[in-house]
Amino acid sequence: MAGNSCTVKVKIDNVKKIYDGRNGEVVALNGVSFDIMENEFVCVVGPSGCGKSTLLNIIAGLGNPTSGKVYVDNKEVVGTGIERGVVFQQYALFPWLTVRKNVEFGLKLKKLKKQEITEITNRYLDMVDLREFAESYPKELSGGMKQRVAIARAYAVNPEVLLLDEPFGALDAQTRTQLQSELLETWEKEKKTCFFITHDVDEAIILSQRVVIMSARPGRVKEIVDVNIPYPRTQETKMTKEFLDLKNYIWSQVYQEYLEVRK
Amino acid sequence: MAGNSCTVKVKIDNVKKIYDGRNGEVVALNGVSFDIMENEFVCVVGPSGCGKSTLLNIIAGLGNPTSGKVYVDNKEVVGTGIERGVVFQQYALFPWLTVRKNVEFGLKLKKLKKQEITEITNRYLDMVDLREFAESYPKELSGGMKQRVAIARAYAVNPEVLLLDEPFGALDAQTRTQLQSELLETWEKEKKTCFFITHDVDEAIILSQRVVIMSARPGRVKEIVDVNIPYPRTQETKMTKEFLDLKNYIWSQVYQEYLEVRK
Amino acid sequence: MEVKQKGFAKKRSGIPDFVWLVISILLAFAFWKLLAVMPKTAMVFASPGQVVEAFFKEVKIGVMWDNIGISLFRVLAGFVLGFIVAIPVAFLMGWYKIFKNLVEPWIQFVRNIPPIAYIPLIIAGVGVDERAKVVVIFIATFLVMVVTIYQGVRNVDETLIKAARILGATNRDIFLKVVVPASTPFILVGMRLGLSAALTTLVAAEMTGASRGLGMMIMAAGQYFDMAVVLLGIVFIGIIGLIFEKMMKFLERRLTGWQETHVL
Amino acid sequence: MEVKQKGFAKKRSGIPDFVWLVISILLAFAFWKLLAVMPKTAMVFASPGQVVEAFFKEVKIGVMWDNIGISLFRVLAGFVLGFIVAIPVAFLMGWYKIFKNLVEPWIQFVRNIPPIAYIPLIIAGVGVDERAKVVVIFIATFLVMVVTIYQGVRNVDETLIKAARILGATNRDIFLKVVVPASTPFILVGMRLGLSAALTTLVAAEMTGASRGLGMMIMAAGQYFDMAVVLLGIVFIGIIGLIFEKMMKFLERRLTGWQETHVL
Amino acid sequence: GCSTGNAGSSTSSSQPEKLTKMRVAYMPNMGSASTLVTAIKMGYFKQEGIDVELVQFAKGPDEIAAMGSGNIDVSQIGHGAHTLAAKGQANIITIDDTSLADAVMGNKDKGINTISDLKGKTIGTSLGTSSQVILDLALASVGMTEKDVKVVQMDPSAAVTAMVTGNVDAVAIWSPSTITVKQKMGDKVVTLADNNTYKDQMQFPSSFVVTPTYASKNKDLLIHFTSALFKAMDYRSKPENIKTVADWVAAQIKQDPALIELGEGEGNWLTSKYVYDSVKDGTLKKIYENQQALFVTNKQLPAAVNVDNYVLYDNMKAAYEANNK
Ligand SMILES: Nc1ncnc2c1ncn2[C@@H]1O[C@H](COP(=O)(O)OP(=O)(O)OP(=O)(O)O)[C@@H](O)[C@H]1O
Ligand SMILES: Nc1ncnc2c1ncn2[C@@H]1O[C@H](COP(=O)(O)OP(=O)(O)OP(=O)(O)O)[C@@H](O)[C@H]1O
Ligand SMILES: [Mg+2]
Ligand SMILES: [Mg+2]
């Protein structure tokens, strides 16, 4: 079973983000602070539009916070780094590359040997069941298949910190479950740190050690809930009282926030 | 409570669809036949890539079947028609229009009066909680907000047949539940016919009168399951034995198909 | 391991844009001065001073503004016509295969022919009045714009067209409300290049019998090797071009606010 | 209520493409014949027969192929140079604001100047050998391509750049592996227009002291009002243009297979 | 280039010496190319120890630009480019010919039979050329100016088109365009004035020029060069030779000989003796002075300068004397 070491891997320090929209300013994040330990699995839940993706982008180094800072390994984040991998909410596949080449993209940049690239690519294509479609272009894939390519691509470069933005949203329940266990497996085996955004409270509890509940706009951390259920977690876990209590609690917390939005 | 009249609204007759991919031919649909009654609510579930979106596109008149035919009101479908509305899996918002203008798009084409357009638009913007963001551009929205705009846009033109492709996939559980009830409400009140693709078996059962289970590639109809739970259905419905039995059954059926894909 | 991010970030350098423009212009002047002094090029490059002198001379004769005005009219008339025709033609080419098959080879053929080469043909067909000049510029701008906009039309995301159809859009609606806005980036390049083409064809256009105009001024001065006047004409054409570009920038900002751009 | 779908559907008409091409060419010939017969234009339009005659005459003098060959060389050399320079310049303009601020005004200024107007300047700067012709064509093609490709660079979907960065791409990688492929449609228009510009500037280029070349042939024949030879030159430039276009189509098919297009 | 240093051995063609290379600019017509081509064909340049490379240009100003940048040593220029000489940027090493090519022609169908009929009509011409000057002189002869007519700028080939298609009523152009107009319009066209009409007031010389720097550095070489030109001019001036010369020109500029032969009469084909005499009696000076006065009137030149500053009489004299010693 994986557990936290005591080192802070990602430190989010009083992050604020304001977008200058046409519609005036939108405060997307306001004073968000929390730490993610090395080899920790954190899930983030919160109502639509509360700033989850914004926070993920800032950690990834893709957007600058308006104020506040993010540190990874005690170093301030000033841009992207291959120690942080991202699965984007909207896939962001390269439309001019085949599925295989999309997955190989990061590996080639790492200048790995050809054979190694092929091996790794095949491994992850198998994981997401797309070996058959390796030579297809993204436009020839269904929504769920595109999402799976994005997952394979992010996993392939083997980053220390995985930032996932609703990675399983377009998948059927079965594929979803399977990819959940694959993710947990790699997480345990390879000591990754995971930051995982989801709308599915079940998923959040099954996967994570802590669930961060975000409040409605302006996005703040409403509460961080510890999930003290031992790994490995299975379908049966979902039937335990512990699980159901947690689920109800988190659900009701998010529900409050949701009501907040609806005035 | 809504119920089926005995008129067939949509007739799907032995539809086959083959894509000419780079990778050779992909048989996306093979011999799909079933009817959707007037004012019926049908949900479709099936593993990722099994041809659900393809089928929806064909019903919408956006893609021609390789063989077979689709009839709406006994007339063969040869193109789109405003009696059929679509919420696309990938939103398909017009990036150059504000949220409001996106929703107004179809209404303006209908040549409604200005005041009426504004009224309807506001109604649906309120429904999806985006009145505040009416003047924002799609790029300024979060994933879930984009999806909500797509929903409002499709509802606004008030089509007889609603074709929805995982319309709530990017939404938090609460917003999702709310939009589910809104959908059911309009469906009952305005006698709509709904064809609803989802990965969430709970959602399928809560919403529909029949659940179409599709088999893995080449997509065929594996089974059509009647949902004989009376409306209105609530959160409590999810605790009934009837519901849970159905859920388990459908889940296991899809699971079989999923295993099929994984060989 | 962190990669420094440069560019495509919306960061602006501290120095405001117009300062850069001024620097750029000063550099150009310095370069010009240099060319006017270097023995190899001195004969051809009148110095800035001589050009200014030439300007006042032309103003005094009373032809300067007249030349500018009439040339501007020809350029704009030809360009506007070209634009009005290019948009629907590009669209019809994207829409109706038959139309495309019939029209495209002609366009492909004509667009490579040097304007000076078909001047006599224009004179024979249209005559020597204002129409002839406008026609020459029209042809040049039309061809550039139709090629560009056609690519834009082909490039429109199909799902958006589908979405519009579903909402009840007719072909006309799709053209006006989807294809045109979706190909805005191409239409903008097309307009930019169209305006350039209009100006670069000005000399050729005014070979069809002009008694006024910047192109004529350049040609006539060239006969006497009056390089100050030639450069004066070039400078004015350049300035008109810069003004056009400013207008394009303004238009661009208005039309593509919805776009995610990297540099502003 | 159903809207008939035309166009943007991948349906092809039953008639194959080359038949349309033939029809189009035949129509062009008929039109030409007509122009050569109508009294108003007969004077200027040599008939196809006369042009063929002129062709054999030029072949017999032994200059035809030579003219074509040297012009082709100039056009291609200028174009290739223009392309090689335009790509990185457009990219740097999109990437480094300082570079853009410095370079853009110059480009904006020069691109509106008629090539015939700056011929003397080129001669003074570069001389009268092959280089001068290549430089004239280089300038014309470079300007067209840099404007087009720059728009393409600005138009690249930011999320793709983000995705590449996340995967460890350096600026160079992003340029080569994201910006270039993502702006392929713009690069293609740029190349098309660049090739056109190369051909339309040919006459101007060969004013820089040429004794061979299609442009020179046209100019010289024009002096003697030998319209058959002028048209011969135009026809050959047009044919070269059509061949270029065929090559572009081929390239396009290879490069944009990944794109969702509406018409094939 | 540098001087050959064997000025004395001008006519002795026996020694196979190293030839001095010179690049000479010309335009592809009879008036501009004939002397040069003849000198090459007859071997006159070789005899003088010079290897001439001809470079063809479309316009005089382009030649000057090439000369200014050092890419061309000598240019053969027409009327307009002489402003450069007056401005001190070029020196005339010799006159080549005077033009008989220009003409003002009217379309009878448009009611033009005399110069006075031009009033209010549209006239096509290339501004700044000798043809425009002839037009101005013609208009002046009946008390009109360009303000009384509508003058439009066009290339000669465009002017031909405009004339024959009736888009302009008259043209002021030069050979071979004049010939084309006559061919196409037959007796519908009337020639209202040409160079001969005003030859006392104005002649339009075309000349060989070099930059002043080049002139001062290559005095001897230029004498040799001019000697060769004079021999060629003498050859060309003989009526029995003119057809041969035309055919050489045609070959050089790759044109149909039949077309070029039409231009046999477009110039006053001067002899070296005429040049020598007119240098001595001041006729040549007068020609250039008249031309310069015109430039001043038309504001193409700010003020008159002394013609002696830019016409190298000594060069012509020396060359003639070398040929005739
Ligand atoms: N580029 C932008 N410009 C302006 N506002 C933006 C931009 N991106 C996001 N926003 C705003 O910031 C807020 C948070 O957006 P974000 O994408 O982080 O939400 P989210 O929590 O990921 O939502 P979802 O669950 O729907 O994906 C939203 O209100 C959105 O409108
Ligand atoms: N344009 C296309 N060209 C080629 N193949 C395609 C194309 N669109 C879809 N396919 C193929 O057709 C099959 C069905 O795709 P479809 O989008 O209908 O699946 P889906 O059931 O909607 O899946 P998901 O749940 O992942 O959205 C897939 O195998 C896909 O690869
Ligand atoms: Mg999000
Ligand atoms: Mg789908």
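Numbers restart at 1 for each chain; the letters A, B, ... are given by sequence-line order, proteins then strands. The figures here come from the full heavy-atom set of this structure, side chains too, leaving out hydrogens, waters and symmetry mates.
The candidate from D/Thr148, D/Leu35, D/Leu195, D/Ile123 with the greatest count of non-hydrogen atom pairs under 4.5 Å with chain C is D/Thr148. Of the residues considered (C/Ala198, C/Ala204, C/Ala124, C/Pro114), C/Pro114 shows the highest number of contacts with chain D, using heavy-atom pairs under 4.5 Å. Counting heavy-atom pairs closer than 4.5 Å to chain C, the top residue among D/Ile239, D/Leu231, D/Ile218, D/Leu193 is D/Leu193.
Residue D/Phe99 does not touch chain C at all, counting heavy-atom pairs closer than 4.5 Å. Only the side chain of D/Val230 has a heavy atom closer than 4.5 Å to any heavy atom of chain C.
Taking CD1 from C/Ile107 and OG from D/Ser196, the interatomic distance works out to 11.0 Å, rounded to the nearest 0.5 Å. Distance check, rounded to the nearest 0.5 Å: CG of D/Asn112 to CD1 of C/Ile237 gives 8.5 Å. Atom CD of D/Gln108 and atom NZ of C/Lys249 lie 5.5 Å apart (nearest 0.5 Å). The CZ atom of D/Arg192 sits 8.0 Å away from atom OH of C/Tyr150, with the distance rounded to the nearest 0.5 Å.
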Quiz item: How far apart are the C-alpha atoms of C/Leu121 and D/Met227, what are their side-chain angles, what is the distance that settles it, and do they pass the side chain to side chain contact (heavy atoms under 4.5 Å, CB included) test?
Solution: CA-CA 10 Å; C/Leu121 315 183; D/Met227 291 316 281; 4.0 Å; yes

Quiz item: Do D/Val147 and C/Val189 pass the side chain to side chain contact (heavy atoms under 4.5 Å, CB included) test, and can you show the C-alpha distance, the side-chain angles, and the key distance before you say yes or no?
Solution: CA-CA 7 Å; D/Val147 170; C/Val189 200; 4.2 Å; yes

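Contact between D/Gln151 and C/Pro185 at its shortest, heavy atoms only, is NE2-O, 3.5 Å. The two atoms that bring D/Thr200 and C/Pro115 nearest to each other are CB-CD, 4.1 Å, heavy atoms only.
The interface of residues 22-30 of chain D with chain C, defined by heavy-atom distances below 4.5 Å, comprises D/Ile23, D/Ser24, D/Leu27, D/Ala28.
The aromatic rings of D/Phe186 and C/Phe186 sit parallel, their planes meeting at an angle under 30°, below the 60° perpendicular limit.
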